[in-house]
Amino acid sequence: MKLSWNYLLPALLALALAAIPAPAGLAPHAWYFFAIFAGVVLGLILEPLPGAVLGLIGIAVVAALAPWVLFSPEQLASPGFKPATEALAWALTGFSNSTVWLIFAAFMFALGYERTGLGRRIALLLVKAMGRRTLSLGYAVMLADLALAPFTPSNTARSGGTVFPVISNLPPLYDSRPNDPSARKIGSYIMWVGIASTCVTSSMFLTALAPNLLAAALVEKTAHVHLSWWNWFVAFAPLGFLLLALLPLLAYWLYPPQIKRNDKVPAWAAEELRTLGPLSRKEIILLVLVLAALAAWVFAAAWLDPALVGILVLVAMLLTGVVTWDDVLGNRAAWNTFAWFATLVALAGGLSKVGFVSWFGQLVATHMSGLSPTTAMLVLVSVFYLAHYLFASSTAHTTALLPVILAAGMGIPGIDLQVFALLLGTSLGLMGIITPYGTGPSPVYYGSGYLPSADYWRLGSIFGALFLFTLLALGAPWMMAVFG
């Protein structure tokens with residue numbers, strides 16, 4: 001029965017909203033579009049079907065009902081206007097979006113890390129060098145994630161699929177067992193540092209979290225503000241490096257391990273590295289390619305679109321045998337994300353197309369008219385951040401709230417839209433810490449047996465508050481100084 005309601009509720013929500021008269025100042029077709037959009041978002045939260053399927057359903061329904069939900073009467077009355085042709089063109093806009101292709105290409109980078117073993121080697125090298133003391137081991141876990149973050153847009157693949165399998169081997173060396181009081185010896189500390197680190201690194205780089213790239217696309221569509229890889233990094237780097245420097249130490253104080261030192265871990269990592277042997281040809285090629293991609297993203301954006309850089313690197317990976325075409329075809333996560341994000345970009349862009357975003361922005365701006373632009377901006381960022389308690393998907397959160405919160409800021413005179421967009425975008429990774437379901441790898445760490453529910457919620461509240469405070473108190477002034 002629960003599954004049936006999960007299927008029915010999104011449709012019921014869309015129908016219920018459509019039955020309500022359009023609010024004052026909003027065209028009926030825009031309200032009907034929002035009703036369908038809201039139904040898709042509820043579906044993304046309840047997940048009766050994969051996200052890509054829900055997105056396809058959404059654009060298919062909108063395109064089929066285009067004369068009533070996508071186009072105004074004035075557009076329909078225009079000579080030569082063809083609703084069916086225009087609706088199909090709108091539905092396919094996401095599939096030609098450069099950011100969607102960048103996401104796809106970056107997923108292939110992660111595939112290269114997996115196929116060559118380079119990601120695991122990097123993590124083991126850090127553990128070997130820094131694993132003697134528990135605190136330094138915490139820093140090794142953080143650095144392993146940081147090293148992979150710029151090239152891995154899925155933090156689930158990066159942290160849950162690469163870092164976690166390595167660090168899950170460490171607690172048993174200290175006789176620290178899951179679902180047991182001995183978990184607090186060292187396992188609980190290591191696991192918390194692992195999930196907290198990936199939340200910070202996910203905010204630091206545009207390419208470290210897939211919803212970051214989605215956010216950049218939505219910002220460009222909604223506010224016509226371009227967020228480059230370099231600007232994103234510069235905006236968050238001072239805050240990010242500060243949080244990463246403090247994070248293992250704060251966890252050490254707030255969630256202290258019982259074992260402070262052990263000599264077994266570096267020996268274990270050294271043995272694993274001996275088993276791996278020297279860098280393989282494919283690992284060397286991949287390392288050169290990802291460094292070249294990073295350099296192109298930073299220094300060649302004026303000549304090469306970032307998505308084209310990603311595609312060129314993928315072609316090079318195929319030509320050099322780092323990955324095969326069968327590997328590419330078999331990467332279900334990449335293809336699923338490609339379809340998912342393409343449909344969500346089209347749906348979110350449709351909110352602007354029908355005029356809903358501008359209407360909502362003006363409505364919120366009216367209710368915040370007494371606040372200064374800076375105060376209003378910080379309040380809106382806080383609302384956006386705390387609303388993540390309601391979402392089990394950063395993608396759903398980004399799709400549902402980013403366009404409307406951004407539109408609210410656009411309606412307030414004096415707000416610096418680039419700074420506002422950067423604050424919203426860079427909050428996406430940080431907010432994943434607040435719940436055991438807040439971001440992709442959260443269930444992996446939560447289900448490890450080392451982080452009891454009460455501990456996870458308590459630490460999530462503490463670190464979540466710390467992350468939000470530093471973003472507003474330190475990140476906002478820095479971004480206003482650099483980009484204002």
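Both backbone and side-chain heavy atoms feed into the values below; hydrogens, waters and symmetry mates do not. Nothing fancy with the numbering, it's 1 onward along the sequence.
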Provide the closest heavy-atom pair for [X] versus [Y] in the form atom of the first, atom of the second, distance.
| X | Y | value |
| --- | --- | --- |
| Tyr385 | His397 | O-CE1, 4.4 Å |
| Pro373 | Ile415 | O-CG1, 3.5 Å |
| Leu70 | Ala87 | CD2-CA, 4.1 Å |
| Ala223 | Leu406 | CB-CD2, 3.8 Å |
| Ala293 | Val313 | CB-CG2, 3.8 Å |
| Ala24 | Trp359 | O-NE1, 3.1 Å |

What do the steps show when you test Trp457 against Thr435 for side chain to side chain contact (heavy atoms under 4.5 Å, CB included), and what is the final call? CA-CA 6 Å; Trp457 282 99; Thr435 68; 3.7 Å; yes
Nearest-0.5 Å distance, [atom1] of residue [X] to [atom2] of residue [Y]:
| X | Y | atom1 | atom2 | value |
| --- | --- | --- | --- | --- |
| Leu239 | Met479 | CG | CE | 7.0 Å |
| Ile59 | Ile36 | CD1 | CD1 | 12.0 Å |
| Leu371 | Ile412 | CG | CD1 | 7.5 Å |
| Ser427 | Ile405 | OG | CD1 | 10.0 Å |
| Leu378 | Thr374 | CG | OG1 | 6.5 Å |
| Thr470 | Leu468 | OG1 | CG | 8.0 Å |

If you look only at pairs with a residue in residues 209-222, which of them pass as a side chain to side chain donor-acceptor pair (under 3.5 Å), with sequence neighbours excluded?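 Listed by first then second residue: Glu220-His226.
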Side chain of [X], backbone of [Y]: donor and acceptor closer than 3.5 Å?
| X | Y | value |
| --- | --- | --- |
| His388 | Ser394 | no |
| Arg158 | Val163 | no |
| Ser197 | Gly194 | no |
| Trp68 | Val62 | no |
| Thr198 | Ile195 | no |
| Trp90 | Ala66 | no |
| Thr93 | Ala89 | no |
| Tyr445 | Met191 | no |

Residue pairs passing the salt bridge (Lys or Arg N to Asp or Glu O under 4.0 Å) test with at least one member in residues 326-343, sequence neighbours excluded, are Arg115-Asp327
Any heavy-atom pair between the side chains of [Y] and [X] that's under 4.5 Å?
| X | Y | result |
| --- | --- | --- |
| Val234 | Trp230 | yes |
| Met204 | Leu146 | yes |
| Ser453 | Tyr446 | yes |
| Leu209 | Ser203 | no |
| Leu206 | Leu227 | no |
| Leu380 | Phe384 | no |
| Leu401 | Val383 | no |
| Val219 | Leu402 | yes |

Indicate whether the side chain of Thr375 and that of Ser372 have a donor and an acceptor atom separated by less than 3.5 Å. yes
Carefully, step by step, assess Val323 and Met108 under the rule side chain to side chain contact (heavy atoms under 4.5 Å, CB included). CA-CA 9 Å; Val323 297; Met108 294 304 161; over 6 Å; no
Excluding sequence neighbours, so at least two apart, what forms side chain to side chain contact (heavy atoms under 4.5 Å, CB included) with [X]?
| X | result |
| --- | --- |
| Ser96 | none |
| Ile462 | Leu254, Arg458 |
| Tyr32 | Ala18, Pro28, Val69 |

Parallel, tilted or perpendicular: ring planes of Phe37 versus Phe33, cut at 30 and 60 degrees: parallel
Students often mix this up, so state it plainly: with edges at 30° and 60°, are the rings of Phe233 and Phe241 parallel, tilted or perpendicular? perpendicular
Neighbour count >12 (heavy atoms, 6.0 Å) for atom CZ, Phe81: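 Count over threshold, so yes.
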Working note: Ile57 + Val40, criterion side chain to side chain contact (heavy atoms under 4.5 Å, CB included); need CA distance, chi angles, decisive distance, verdict. CA-CA 8 Å; Ile57 291 172; Val40 171; over 6 Å; no
Decide if the gap between the ring center of Phe95 and the ring center of Trp101 is smaller than 6.0 angstrom. no
When you look at Phe236 and Trp478, which way does the ring pair (Phe, Tyr, Trp, His ring centres under 6.0 Å) test go after all the steps? CA-CA 9 Å; Phe236 192 79; Trp478 164 256; over 10 Å; no
Thr426 and Trp232: CA distance, side-chain angles, deciding distance, side-chain hydrogen bond (donor to acceptor under 3.5 Å, both in side chains) verdict: CA-CA 8 Å; Thr426 55; Trp232 185 292; over 6 Å; no
So, applying ring pair (Phe, Tyr, Trp, His ring centres under 6.0 Å) with Tyr456, which one of Tyr450, Tyr255, Trp192, Phe463 is it? Trp192
Just do the side chain to side chain contact (heavy atoms under 4.5 Å, CB included) check on Met480 and Asp416 with the steps written out, would you? CA-CA 8 Å; Met480 286 188 284; Asp416 187 310; 5.9 Å; no
Contacts of type salt bridge (Lys or Arg N to Asp or Glu O under 4.0 Å), residue Asp455, not counting sequence neighbours: none
